[in-house]
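Here's the structure we're looking at; comments come further down.
The figures here come from the full heavy-atom set of this structure, side chains too, leaving out hydrogens, waters and symmetry mates. This structure is a prediction, so every number in the text was calculated from the model and none was measured.
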Amino acid sequence: MILVGQYDSPYTRRVAISLRVLGIPYEHDTRSVFGDFDSMRKTNPLGRIPSLVLDDGEVLIDSAAILDWIDETVRPERALLPRQGRARREALRRIALANGAVDKIGGGRNYELLIRPSQYRWPEWIARCTTQGLGALAALEALSWPADAAIDQAQITTGCMVAYVKLTAAELMPPGRYPALDALSARLDARPEFQATSVTVCAVPRG
């Protein structure tokens, strides 16, 4: 299998970490949606990441669809998302909050600040996206993240989100403001799957 996308995308990274946690081997195609846009569209018509090219040539697009396939592929007891009931709903809620934080802080706020030329920026939109992202962070901070819990998709996705926000908008997560998320992130960052996919630079064109 080939995982397409760079690890500075928290969506690509959560797929990579999930594959590694479950011991599923893959090759890594590091094309960029910015630097290799035309090439990327040949893999995914949307020109987005991640994509997962299966051994038979089928291409899965969107991290949620890829993670669903991964959970279908492994035994039910190894799946990273509960199959049903309250546990599944709670995990999906946490995942939605984490992905929402990435969407609003990354796709909304950061792109407006980093990509759009300064004379065309929309301050009210930046403020709105920031408020939405901070709301997600506060909601996740208020939840319990037991240190002895088995790793699952909610933790993986949230850990990738925290790392992304600290990398691209560190002023929104200063040390000590979110102690529960900081503790979760520290535990996850010590794992080999997170270390193998860590990044220190986010490749975004500047407007």
Other residues, nucleotides and ligands only: do more than 12 of their heavy atoms fall within 6.0 Å of [atom1] on [X]?
X	atom1	answer
Trp69	CH2	yes
Arg187	CZ	yes
Arg78	CZ	yes
Gln195	CD	yes

Check step by step if side-chain contact (heavy atoms from CB on, under 4.5 Å) holds for Leu81 and Leu92.
CA-CA 8 Å; Leu81 188 66; Leu92 289 172; 3.8 Å; yes

Return the [atom1] to [atom2] distance between [X] and [Y], rounded to the nearest 0.5 Å.
X	Y	atom1	atom2	answer
Glu58	Met1	CD	CE	12.0 Å
Leu22	Thr73	CG	OG1	9.5 Å
Lys104	Thr131	NZ	OG1	11.0 Å
Thr12	Ile17	OG1	CD1	11.0 Å
Thr168	Asn110	OG1	CG	4.0 Å
Asn99	Arg94	CG	CZ	14.5 Å

Quick check: do [X] and [Y] have side-chain heavy atoms less than 4.5 Å from each other?
X	Y	result
Ile49	Thr43	no
Val21	Arg191	yes
Glu141	Leu137	no

In terms of hydrophobic clusters joined by side-chain contacts under 4.5 Å, are [X] and [Y] together?
X	Y	result
Val59	Val33	yes
Tyr11	Ile24	yes
Ile66	Val74	yes
Tyr178	Val165	yes
Met173	Val199	yes

How close do [X] and [Y] get, heavy atom to heavy atom, and via which atoms?
X	Y	result
Trp145	Leu181	NE1-CD2, 4.0 Å
Ala169	Arg109	CB-NH1, 3.6 Å
Met40	Arg48	CE-O, 4.1 Å
Ala139	Leu97	CB-CD1, 3.9 Å
Arg20	Tyr26	NE-OH, 2.9 Å
Asp62	Ala64	OD2-N, 3.0 Å

I'd like to know if the side chain of [X] and the backbone of [Y] have a donor-acceptor N/O pair within less than 3.5 Å.
X	Y	result
Arg13	Tyr7	no
Arg121	Glu112	yes
Asp71	Ala79	no
Asn44	Ser51	no

What do the steps show when you test Val15 against Leu3 for side-chain contact (heavy atoms from CB on, under 4.5 Å), and what is the final call?
CA-CA 8 Å; Val15 171; Leu3 176 61; 3.7 Å; yes

Hey, are Arg128 and Glu124 close enough for a salt bridge, meaning a charged N less than 4.0 Å from a carboxylate O?
no

Parallel, tilted or perpendicular: which one describes the rings of Trp122 and Trp125, with boundaries at 30° and 60°?
parallel

May I have the list of side-chain donor-acceptor pairs in residues 151-161 shorter than 3.5 Å, sequence neighbours left out?
from	atom 1	to	atom 2	distance (Å)
Asp152	OD1	Ala154	N	3.4
Asp152	OD1	Gln155	N	2.9
Asp152	OD1	Gln155	NE2	3.3
Gln153	OE1	Thr157	OG1	2.9
Gln153	NE2	Ser18	OG	2.9
Gln155	NE2	Ala150	O	2.7
Thr157	OG1	Arg14	NH1	2.9
Thr157	OG1	Gln153	O	3.1
Thr158	OG1	Ala154	O	2.7

Give the intermediate values and the outcome of side-chain contact (heavy atoms from CB on, under 4.5 Å) for residues Leu143 and Glu90.
CA-CA 10 Å; Leu143 300 173; Glu90 176 60 22; 4.1 Å; yes

